[in-house]
Amino acid sequence: MAHRGSHSLAPENSLPALEGAAKRGFWAVESDVRRTKDGILVCHHDATLKKMFGVNERVANLTWGEIKKLTYTRGNGRENYPAARLRMPLFAEYIEICRDHGSVPFIEIKDDVTDEVIRMVRDMKMEERSVISSSKFPHIEAARAASKKVFLHHIFSDEEHMQKLVRLGHAGVSHKRTELDDISAALVEKTHALGLRVCLRAGDTKETVLKMLEMGLDYIPTNAILKM
């Protein structure tokens with residue numbers, strides 16, 4: 001899974017990063033979804049624009065008309081793309097990219113936009129191929145209430161929430177561990193025994209990816225690898 005797209009080549013969550021990952025055949029392309037002041041869904045990780053656009057303002061406080069005039073001031077490879085390609089992507093554009101290139105949209109919900117996201121992926125015929133991801137369990141519950149078809153992924157889950165995920169069905173988790181050595185085979189086996197899929201963050205070297213595969217992880221996010 002390309003975390004925030006292939007952001008070793010282009011700014012994270014940018015159109016070139018998302019499209020670059022999909023064109024390279026990644027199983028899934030992960031991105032974050034937020035809502036603008038006028039209700040437009042866009043792909044952006046932080047609540048504010050400071051880190052990536054140099055603007056000390058919240059996404060939720062600006063209209064799409066204001067945001068689309070901005071270009072990334074930070075990120076890899078900006079010199080390789082025209083300014084028109086370095087604006088914030090619409091969420092719909094991200095789904096189109098995944099659909100056109102056969103990648104799974106791995107959608108991390110940031111704002112309370114779950115119902116809108118489900119409606120859009122359904123309208124774009126991507127409901128059964130989409131993953132709804134969040135660290136906030138109410139977003140996960142809202143996604144299942146809105147759709148029986150999307151796959152659910154709870155970020156940094158725990159025993160209590162894993163049991164809830166079992167009841168919701170068709171789901172997976174990541175465990176909050178920073179080192180692979182902190183993950184026991186028993187924890188992976190227990191997660192699988194519950195019928196849940198599991199991943200860890202992040203496979204940023206080939207050696208780490210291979211170790212994750214040996215551990216039996218089901219999907220592997222990466223920030224750096226373009227091809228094994």
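Heads up: numbering here begins at 1 and tracks the sequence. Below, each value reflects all heavy atoms present in this structure, side chains not excepted, and no hydrogens, waters or symmetry copies. The model shown is predicted, which means the values in this text are computed figures rather than measured ones.
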_For H154 and F137, take the angle between the two ring planes, folded into 0 to 90°, and tell me which bin it lands in: parallel under 30, tilted 30 to 60, perpendicular over 60._
perpendicular
Report task. Inspect the surroundings of CD in Q163 and state if more than 12 heavy atoms from other residues, nucleotides or ligands are less than 6.0 Å away. Result -> yes
Whether the S8 and N76 side chains hold a donor-acceptor pair (N or O, under 3.5 Å, no angle test) is what I'd like checked. no
Heavy-atom closest pair (T63 atom, D38 atom, distance to 0.1 Å) is CA-OD1, 3.4 Å
For F91, does the six-membered ring have the charged nitrogen or CZ of R35 within the cation-pi criterion, i.e. under 6.0 angstrom from the centroid and within 45° of the normal? no
Separation between CD (E30) and NE2 (H45), nearest 0.5 Å, reads 7.5 Å
Distance col, row R99:CZ vs R129:CZ, nearest 0.5 angstrom, shows 12.0 Å
| said: Can you tell me if D112 has over 12 outside heavy atoms packed within less than 6.0 Å of its CG? | reply: no
Answer with yes or no after comparing the ring centroid distance for H44 and F53 against a 6.0 Å cut-off, counting only values under it. yes
Shortest non-hydrogen pair, I107 vs V121, comes out as CD1-CG1, 4.0 Å
Rounded to the nearest 0.5 angstrom, the OG1-CZ distance for T73 and R78 is 6.5 Å
Query - Crowding at CZ, R58 (>12 non-hydrogen neighbours, <6.0 Å) - result: no
To the nearest 0.5 Å, atom NE2 of H7 lies from atom OG of S14 at 10.0 Å
- Task: Indicate yes or no: does K110 engage E108 in a salt bridge with an N to O separation below 4.0 Å.
- Result: yes
Taken to the nearest 0.5 Å, the spacing of T114 OG1 from I109 CD1 works out to 4.5 Å
message = Counting C-beta onward and ignoring hydrogens, is there a side-chain heavy-atom pair between M1 and V29 closer than 4.5 Å?
response = no
Looking at D181 and K211, does any basic side-chain N land under 4.0 Å from a carboxylate oxygen? yes
**Asked** Mind checking whether F26 and H101 have ring centres under 6.0 Å apart?
**Response** no
With a 4.0 Å cut-off, would you call R87 and E93 a salt bridge? yes
Q. Quick one: do R85 and E19 make a salt bridge, cutoff under 4.0 Å?
A. yes
Under a plain distance cut-off of 3.5 Å, with no hydrogens placed, do T48 and D46 share a side-chain donor-acceptor pair?
no
message: Less than 4.0 angstrom from a charged side-chain N to a carboxylate O is my criterion; do E159 and K190 meet it?
response: yes
Looking at E12 and K51, is there a salt bridge between them, counting it only when a charged N and a carboxylate O are closer than 4.0 Å? yes
Output for pair (L200 CG, I220 CD1), nearest 0.5 Å, gives 9.0 Å
For I225 and G203, the nearest pair of non-hydrogen atoms, with its separation, is CD1-O, 3.6 Å
